[in-house]
Amino acid sequence: MAKQGGQTPLYEQVVKMVKDQIVSGVYSKGDLLPSEKEMIDNLGVSRITVRKALSILSDMGYIRTEKGRGSEVILDVEDLLSRGKFSEEMTEYRRLCMEATQVRIMLEPEIARQVAIKATDEQLASLRIWENHIRMKSPTNAFHLALAEILGNQELVEMLQQLIEVEESKAPKDMVLPEQQEKVAQTLCLQHQKILRAIEARDAEFAYFYMKEHEKYAEQMYEDYFRRVMA
C-alpha cells in the first residue's frame with residue numbers, strides 16, 4: 001500500500017480498498033474480512049490504521065465487528081444499489097442536523113445558566129434522578145428537556161423538543177448515530193455530569209460554560225461523523 005506522503009491517509013486507503021472489494025463481489029454479505037493481523041501483514045500498515053479503517057466501515061454500515069469473531073460484511077449488491085437513496089437522505093439529514101445543533105449551541109448554555117440561578121431547592125433535588133441515568137449512559141436528551149422544563153416556559157420546551165426530534169428521528173434508516181458509539185457515549189456522560197454538578201452548585205457561569213462545551217463537542221462529533229460516512 002502506498003505511503004501517505006501528504007496524500008490520502010492510509011486508513012482512508014484501506015477503507016476505499018475494502019469498499020471496492022465489497023462492491024466488486026470479492027466479499028459478499030455474511031463473509032468475514034481478513035483478521036486484523038492478516039490485514040496488517042498483507043497491507044503493510046499499522047494496527048491503528050486497520051482499526052480506524054474498520055471503525056469507519058462499521059460507521060458507514062458496510063461491516064459489523066464483534067469481539068472474538070471478526071468483521072462481517074453486512075451488505076449485498078442490492079443493498080449497495082440502494083445506497084444512492086441513502087446518500088440523498090444523509091445529505092438532507094446533515095443539513096437539518098447541523099442547523100439544529102447550531103441553534104442548540106445558542107440556546108442551551110443560557111438555559112443551563114438560568115436553571116442554576118432560578119431553580120428552587122426542590123427542583124434541584126428532582127434533577128438528582130439523572131445522576132444514575134447519566135452514569136449508565138442512558139439516552140440523555142430527556143435531561144436537556146428537564147432543564148428547560150424547570151424554567152416553566154412551554155414555548156422554550158417545545159422548541160427544544162423540535163430540535164431534538166430533528167437529530168433523533170430524521171436520520172436515514174440505516175444510520176448508526178454517533179452517540180451510540182462507546183467512546184462518544186463515555187465523553188457525553190462525563191460532560192453531562194459536569195453540567196449537573198455546576199447547576200447543583202448554583203454556579204451559573206460554569207453551568208453555561210460546560211453546556212457550551214458540550215454542545216460544541218456535539219457539533220464537532222457530527223461534523224466528523226458526516227465527513228467519514230459521506231466520503
> Should we count CD1 of Ile48 as having more than 12 external heavy atoms under 6.0 Å?
Replying inline: no

>> Taking side-chain hydrogen bond (donor to acceptor under 3.5 Å, both in side chains) as the definition, give me every residue that meets it alongside Gln220, ordered by chain and number, with sequence neighbours left out.
In response: Asp224

>> Does anything in residues 100-109 form a salt bridge (Lys or Arg N to Asp or Glu O under 4.0 Å)? List the pairs, not counting sequence neighbours.
In response: Arg104-Glu108, Arg104-Glu167, Arg104-Glu215

>> Under the rule for salt bridge (charged side-chain N to carboxylate O under 4.0 Å, His left out), what residues qualify as partners of Glu72, not counting sequence neighbours?
In response: Arg64, Arg69

> Phe206: what forms a ring-ring contact (aromatic ring centres under 6.0 Å, His included) with it, not counting sequence neighbours?
Replying inline: Tyr210

> Take atom CD in Glu122; do more than 12 heavy atoms of anything else shown fall under 6.0 Å from it?
Replying inline: no

> Would a 4.5 Å heavy-atom cut-off, applied to side chains only, mark Val14 and Val50 as touching?
Replying inline: no

> Transitively linked via ILVMFWY side-chain contacts under 4.5 Å: Tyr225 with Ile105?
Replying inline: no

>> Within the 4.5 Å heavy-atom criterion, are Leu196 and Arg128 side-chain neighbours or not?
In response: no

> Between the main-chain N or O of Ser35 and the side-chain N or O of Glu38, is there a donor-acceptor pair closer than 3.5 Å?
Replying inline: yes

>> Less than 4.0 angstrom from a charged side-chain N to a carboxylate O is my criterion; do Glu99 and Arg95 meet it?
In response: yes

> What pairs with Ser126 under side-chain hydrogen bond (donor to acceptor under 3.5 Å, both in side chains), at least two apart in sequence or on another chain?
Replying inline: none

> With Asp41, which residues qualify under side-chain hydrogen bond (donor to acceptor under 3.5 Å, both in side chains), at least two apart?
Replying inline: Lys37

> Distance from Leu188 atom CG to His214 atom NE2, nearest 0.5 Å?
Replying inline: 6.0 Å

> Linking I/L/V/M/F/W/Y whenever their side-chain heavy atoms sit closer than 4.5 Å, directly or via other members, would Met39 and Leu32 fall into one cluster?
Replying inline: no

Under 3.5 Å donor-acceptor pairs involving side-chain atoms of residues 146-164, not counting sequence neighbours:
residue, atom, partner, partner atom, Å
Asn153, OD1, Glu155, N, 3.1
Asn153, OD1, Leu156, N, 3.0

> Do Thr187 and Met221 come close enough that some side-chain heavy atom pair is under 4.5 Å?
Replying inline: no

> What is the distance from atom CZ of Arg202 to atom CD1 of Ile117, rounded to the nearest 0.5 Å?
Replying inline: 10.0 Å

> Got a sec, which residues hit salt bridge (charged side-chain N to carboxylate O under 4.0 Å, His left out) with Glu110, two or more places apart in sequence or on another chain?
Replying inline: Arg113

> How would you list, by chain and number, every residue that makes a side-chain hydrogen bond (donor to acceptor under 3.5 Å, both in side chains) with Thr65, sequence neighbours excluded?
Replying inline: Ser71

>> Restricting to salt bridge (charged side-chain N to carboxylate O under 4.0 Å, His left out), what partner residues turn up for Glu213, sequence neighbours left out?
In response: Lys194

>> Run the salt bridge (charged side-chain N to carboxylate O under 4.0 Å, His left out) test against Arg94 and tell me which residues pass, sequence neighbours left out.
In response: none

>> Tell me which pairs pass salt bridge (Lys or Arg N to Asp or Glu O under 4.0 Å) where either residue lies in residues 42-52, with sequence neighbours left out.
In response: Glu36-Arg47, Glu36-Arg51

